[in-house]
Each structure stands twice: as structure tokens, then as C-alpha cells.
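Written out below as C-alpha cells is the structure these notes cover.
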Amino acid sequence: MPKPFMKILPVTHTEISPEQFDKSIQKLLATRIAVYLMTFLIVTVAWAAHTRLFQVVGKIDDTLALLNLACMMTITLLPYTFSLMVTFPDVPLGIFLFCVCVIAIGSVQALIVGYAFHFPHLLNPQIQCSPHRAQSRRHILRLVLRGPALCFVAAVFSLFFFPLSYVLMVTVIFLPHISKATTWCKDKLMGHRESPAHSVEPFSIDLHAPLSKERVEAFSDGVYAIVATLLILDICEDNVPDPKDVQEKFSGSLVAALGAYGPQFLAYFGSFATVGLLWFAHHSLFLHVRKATQTMGLLNVLSLAFVGGLPLAYQQTSAFARQPRDELERVRVSCAIIFFASIFQFAIWTAALLRQTETLQPAVRFGGQEHAFMFAKLALYPCASLLAFAATCLLSRFSTAIFHLMQIAVPFAFLLLRLLVRLTLAGLQVLWDLRPEHPQPGQGEPEAQSQLLPAPC
């Protein structure tokens with residue numbers, strides 16, 4: 001299982017008793033979701049660095065395979081450390097252990113780099129034939145060890161001032177972007193002048209460059225598949241009637257027993273439809289994308305982080321029947337998760353449009369019906385979830401009905417969306433054709449124009 005997928009599991013199984021919900025639902029859920037997002041993004045950064053690292057290594061022998069296995073074994077400990085962090089947010093041990101795991105991962109990655117450069121036949125041919133191999137090794141090691149170095153400082157501060165540890169760990173997430181912005185500013189200040197020491201680029205594979213479109217799509221599909229699987233496992237595990245209860249409470253009627261689980265099944269179908277339609281919108285978006293930029297990659301990771309919270313939203317909405325007095329807060333939490341998961345998809349498309357000659361397929365550049373349809377498709381869930389959230393503020397008594405209505409209406413809106421967009425564009429075209437005609441500047445009546453023309457010689 002790829003690294004970031006495992007981070008979804010602990011936050012998915014967030015059990016909240018009624019007492020906890022009554023006391024501090026905002027603090028409890030906010031803490032868990034914030035820690036989940038931070039650790040998900042950190043592990044995603046580590047996964048991307050590990051992926052790019054194997055662009056440097058061209059061949060793998062037994063030693064590299066064992067080192068990679070050691071790296072994977074360390075990764076399997078991350079969900080446990082994450083569970084400690086969210087269960088005991090005021091105890092620094094969870095933060096310390098998480099930082100130790102990240103440091104161990106970085107150390108193994110550094111060993112992989114050192115071993116590969118010690119046996120140059122294992123390297124990428126481009127680096128293998130380079131006269132600046134020693135410079136390349138130092139450059140790669142510096143990039144690989146920056147994140148673990150920050151986590152080492154965070155581990156030290158966790159022993160006596162752990163809030164600063166969280167700040168340092170958040171810095172790890174944005175380190176590639178900070179590095180890129182620093183390099184850009186440095187180039188601007190230097191006026192793009194090359195010094196003799198840097199006249200030849202020692203390393204042409206950027207470990208912080210955006211991943212290929214295919215990598216982004218494969219990673220995203222994996223996250224959506226894992227989230228959908230968790231929803232299926234939840235409905236299978238928690239909503240199968242116990243044979244003893246069927247006999248005692250429902251007189252042996254399995255149909256009546258299943259009817260008692262109606263709200264849970266409704267929440268399941270709504271949540272699964274949400275995951276499926278968000279995946280469909282993501283798939284449609286990347287059909288039009290030719291190249292993913294670094295900004296698009298970051299926005300995609302942020303969207304996937306909230307998609308990973310959808311099983312938590314399902315657990316909250318499926319609890320309406322058991323704890324109806326808490327439904328308002330649960331609806332708002334679920335609406336917020338859906339909103340952020342979808343609004344970052346909308347931001348990906350916006351970022352692609354800002355650099356459409358570089359990012360989009362030639363057939364969908366420069367506007368048109370496909371642009372309007374994609375905007376409408378990506379704006380559907382943000383608008384629906386925001387509207388449902390606002391409606392629950394005004395009509396709190398009907399919060400459950402409003403939320404379920406949104407879950408039912410959005411799939412039908414998806415089916416009718418293309419027809420509605422076509423009708424809207426056709427109506428706008430009719431209005432444009434019926435507008436009063438005005439002569440263009442420089443175009444008057446033919447007689448007036450002939451009077452202004454000079455007489456022929």
C-alpha cells in the first residue's frame with residue numbers, strides 16, 4: 001500500500017461518544033483533522049521525493065532492494081505514530097516518534113544515494129556519464145536530508161516545547177515550494193548571470209520538479225480506490241444485524257432488522273456517490289491536462305487529503321439515527337469536508353487555465369463549450385455543500401433532510417449538467433444575436449464613406 005493511503009485509516013475510525021460530542025466536538029474533530037492533514041501532506045512529500053529518487057537510480061541490485069524494504073518497513077509505523085498524536089495531542093511522545101520515523105526514512109534514502117553513487121553502474125546513464133558526479137551526489141543528499149533535518153529539530157523541541165514542533169513539521173510540507181521560490185528570487189537578484197562555478201549544470205534531474213501527469217493520476221486513483229474500499233468495509237462491518245438481535249427484537253424478520261439500518265445505508269450510498277462523482281470530475285479534468293505543474297500537484301494533494309476524510313464524513317452522517325441531537329454539528333463537519341475536497345479540484349482547473357498553453361491539450365485551449373462545462377462540473381459540489389452549510393445555519397431543525405437532499409440532488413444534477421450548460425450557452429447565443437447592431441468604429445454609411453474618399457487621379 002503506498003505511503004499516504006495508510007494515513008486515511010486512523011482518521012476514518014474516529015469513534016466519538018455522545019459525551020465527547022457534547023463537550024468539545026469542535027476541538028476534538030479540529031485537532032484530529034488538522035493532525036491528519038499535516039501528516040498526510042508530510043508523507044505525500046516523502047513519497048514524491050522517494051519517487052523522484054529512483055529517477056536517479058537506473059538499476060536495482062539486492063542491497064538497494066533491501067534498503068528500499070527497510071524504508072517501507074519504517075513507513076508502516078507511521079499510522080501508529082499518527083494514532084498516538086491524535087489520541088494524545090498534549091503528549092509529545094507521538095510527535096517525537098513520528099519525527100524519528102521521518103528521520104529514519106530520510107537516512108535510508110541517503111544510504112540508497114550513497115550506495116548508488118559508490119557503484120556508478122547503478123545510476124541513471126545521464127548522471128553516470130556526467131563529469132560532475134560528485135557535485136550531483138552532494139546536491140541530491142542535500143535535497144534528501146533537508147526534510148529529515150527539520151524533523152530532527154522538531155523532535156528535539158517536542159521534548160520541551162512541542163507547539164514549535166508542529167510549526168517545523170508544517171514547514172516540511174512547503175519546503176519544496178520555499179526552495180523553488182528562493183531559487184527564483186536569487187536568479188532575479190543575480191540577473192540570471194552565471195558564475196564560472198555554475199556554468200555547467202551538475203544535476204539536471206530536479207527532485208522537486210512536478211511529477212508527471214501519469215504519476216499524479218495513478219496516485220489520485222489509488223487514493224479514491226482506498227477511500228471507496230473503506231466505505232464498503234464500514235458498511236459491511238458495522239451494519240450486518242446480529243442473528244440474536246434479529247430473533248429477539250424483530251421476531252426473526254431480517255427485513256425489519258435491515259429497515260432499522262436505513263439511515264446508515266442512506267449515508268453509505270450518499271457518501272459513495274460523492275466519492276465516485278469527485279473521482280469522475282477529477283478524471284474529466286485530467287483528460288484535458290497535458291502537463292501538471294507544481295502548483296497543480298500541490299492543489300491535487302490538498303484535495304486528496306480532504307477526500308481521505310470522506311469516510312469520517314460517512315461515519316458522522318450514519319450516526320444521525322443513534323444521536324439525533326448532534327446531527328447539526330455532524331452535518332456541518334461533513335459539508336466542510338466535501339467543500340474543501342471539491343474546491344481544490346476547482347482550483348486545479350483554474351491553475352491550469354492560467355498557463356493553458358503549457359498545461360492543457362490543444363483541443364481545449366482558449367475557451368469554448370468544454371471550458372464552460374468543466375467549470376460547471378467542478379463548481380457543482382462546492383456550491384451544493386456551501387449552500388447546504390448555509391441552509392443548516394438558517395434551518396437547523398431540518399439539517400439532516402437538507403444534507404440528504406444535497407446528496408440525492410447532486411448526482412441528478414451531474415446527469416443534467418451537460419444539457420443545462422448547452423441550453424444556457426444557446427440562450428446566451430440567442431441574446432447575443434438579438435442585440436441591436438451598432439456600426440463599428442470607422443464604418444459609416446457607404447455614401448458618407450464615399451464622400452471622404454479622395455478623388456481618383
Side-chain angles (χ1 to χ4, degrees), residues 4-5 7-12 14 29-30 32-41 43-44 173 216-217 219-232 234 267-286 289 292 295-318 330-352 374-390 392 402-404 406-411 413-414 417:
F5 302 163
K7 306 308 295 179
I8 299 171
L9 294 172
V11 76
T12 299
T14 301
L29 280 181
R32 295 199 172 197
I33 292 174
V35 174
Y36 156 72
L37 290 175
M38 181 188 68
T39 53
F40 183 94
L41 295 174
V43 175
T44 302
I173 300 171
V216 173
E217 286 184 291
F219 174 72
S220 304
D221 289 345
V223 172
Y224 280 104
I226 292 294
V227 170
T229 304
L230 291 177
L231 290 176
I232 296 169
D234 279 340
Y268 163 74
F269 285 115
S271 300
F272 196 92
T274 301
V275 173
L277 291 176
L278 285 174
W279 171 82
F280 177 72
H282 185 276
H283 175 69
S284 302
L285 190 159
F286 275 88
V289 171
T295 302
M296 292 169 63
L298 176 62
L299 293 171
N300 184 65
V301 169
L302 291 172
S303 174
L304 294 178
F306 283 98
V307 167
L310 289 175
L312 175 63
Y314 159 71
Q315 286 199 345
Q316 300 305 306
T317 54
S318 65
R330 295 178 185 274
V331 164
R332 290 177 177 175
V333 170
S334 301
C335 288
I337 292 174
I338 295 172
F339 173 78
F340 284 109
S342 55
I343 197 64
F344 282 117
Q345 283 190 349
F346 188 87
I348 295 171
W349 179 246
T350 305
M374 186 55 62
F375 264 116
K377 186 186 296 185
L378 295 174
L380 193 56
Y381 261 117
C383 293
S385 57
L386 195 61
L387 182 63
F389 187 93
T392 58
I402 291 170
F403 184 77
H404 288 316
M406 180 200 75
Q407 289 186 311
I408 295 171
V410 171
F414 258 95
L417 194 58

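For the pair Ala341 and Ser303, the tightest heavy-atom approach, listed with the atom from each and the gap, is O-OG, 2.8 Å. Minimum heavy-atom separation, Ser342 to Leu278: CB-CD2, 3.9 Å. Closest non-hydrogen pair, Ser271 versus Gln407, comes out as N-NE2, 3.6 Å.
Formation of a donor-acceptor pair under 3.5 Å by the Thr229 side chain with backbone atoms of Ala225 is found in this model.
Distance check, rounded to the nearest 0.5 Å: CZ of Phe344 to CZ of Phe339 gives 9.0 Å. Taken from OH in Tyr224 to CG in Leu310, the straight-line distance is 8.0 Å, to the nearest 0.5 Å. Residue Ile343 holds its CD1 atom at 8.0 Å from OG1 of Thr350, rounded to the nearest 0.5 Å. To the nearest 0.5 Å, atoms OG (Ser220) and CD1 (Ile348) are separated by 7.5 Å. Summarising the geometry, atom CE belonging to Met296 is positioned 6.5 Å from atom CG belonging to Leu285; distances are rounded to the nearest 0.5 Å.
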Show me the donor-acceptor pairs, under 3.5 Å and distance only, between side chains in residues 376-389 and residues at least two apart or in other chains.
unit_1: Lys377; atom_1: NZ; unit_2: Ser284; atom_2: OG; d: 3.1
unit_1: Ser385; atom_1: OG; unit_2: Tyr381; atom_2: O; d: 2.8
unit_1: Ser385; atom_1: OG; unit_2: Pro382; atom_2: O; d: 3.2

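Checked against ring-ring contact (aromatic ring centres under 6.0 Å, His included), Phe286 has the following partners two or more places apart in sequence or in another chain: His282.
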Exercise. Quick one: do Trp279 and Val227 satisfy side chain to side chain contact (heavy atoms under 4.5 Å, CB included)? Show the steps, please.
Key: CA-CA 11 Å; Trp279 171 82; Val227 170; over 6 Å; no
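Just one of Ile337, Val331, Ile338 meets the side-chain contact (heavy atoms from CB on, under 4.5 Å) condition when paired with Cys335; it is Val331.
Residue Phe414 qualifies as enclosed at atom CZ: its count of foreign heavy atoms under 6.0 Å is above 12.
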